[in-house]
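One structure below.
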Amino acid sequence: MTASPTLPKYRQQLILTVLSPVLRPLDPAAGVLLSICGLAASAYGLIRAGQVAAWSRTDVWAPITVGLVLLAAFVLAELRIKVPSFDPRLLAQRTFGGGNAALGLLLFAIAAVTFYNAFHLQCARGFSPIEAGLASLPTALGAMLGRPLAGTPTGPAQEPDYDRGGSRSVTEATPRSGAGNRPAHERL
């Protein structure tokens, strides 16, 4: 492992990544702060839009705009530094970018269904919060049982080669399992 001259030895051990045995320096604070502030501002604007049920208000679109500007600044900052915490160029790779897009859409859909399902089970069906949580267990169990099918790195740490069959099977099976779980929730 190569050591970074700018960090003490005990701090370098915290920066090792799963796929890279090479020590990496910390990302400059500006990059980390830009991403955190950008995500927080965007999330605040979206939450505020839900509270006031209007997109045209300044207290809705201003935080979203500020968040998007901060996230764009984060991407530009990460493109300019030698060892970025997140390299935006990875998204240009078809498998990495497509996989992240599919995963993002999947997580967004699962979060939306889980959020709506909790309200539906409690308000429309009269479930207690515990009963509504227990009724959501099939979704959690499906995610846990589906994990072994996911692609895993099979190449050397410098150039990991991901198992393509596993990723494809999970991407194709997930919508089908969601459709298959619907009758289980309907009976409740």
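Scope of the values below: all heavy atoms of this structure, side chains included, with no hydrogens, waters or symmetry mates. Positions are given from 1, in the same order as the sequence printed here.
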Heavy-atom neighbours of Ile130 CD1 exceed 12 at 6.0 Å: no
In Å, rounded to the nearest 0.5 Å, how long is the span from [atom1] of [X] to [atom2] of [Y]?
X	Y	atom1	atom2	value
Asn117	Ile110	CG	CD1	12.5 Å
Leu39	Leu68	CG	CG	10.0 Å
Leu34	Phe74	CG	CZ	8.0 Å

Heavy atoms only: give me the nearest [X]-[Y] pair and the separation to one decimal.
X	Y	result
Glu78	Pro88	CB-CD, 3.9 Å
Pro129	Gln122	CA-NE2, 3.9 Å
Leu79	Arg89	O-NH2, 3.0 Å
Trp55	Leu46	CH2-CD2, 3.7 Å
Leu71	Ser35	CD2-O, 3.9 Å
Ser42	Gly67	OG-CA, 3.4 Å

task: Report the relative orientation of the aromatic rings in Tyr116 and His120; use parallel for angles under 30°, tilted for 30 to 60°, perpendicular for over 60°.
output: parallel
- prompt: Are Arg48 and Arg57 close enough that some pair of their side-chain heavy atoms sits under 4.5 Å apart?
  reply: yes
query: With Ile36, which residues qualify under side-chain contact (heavy atoms from CB on, under 4.5 Å), at least two apart?
result: Val32
Sequence-distant partners of Leu90, side-chain contact (heavy atoms from CB on, under 4.5 Å), two or more places apart: Asp87, Gln93, Phe96
field: Same apolar cluster (I L V M F W Y, side chains within < 4.5 Å links), Ile64/Leu70
entry: no
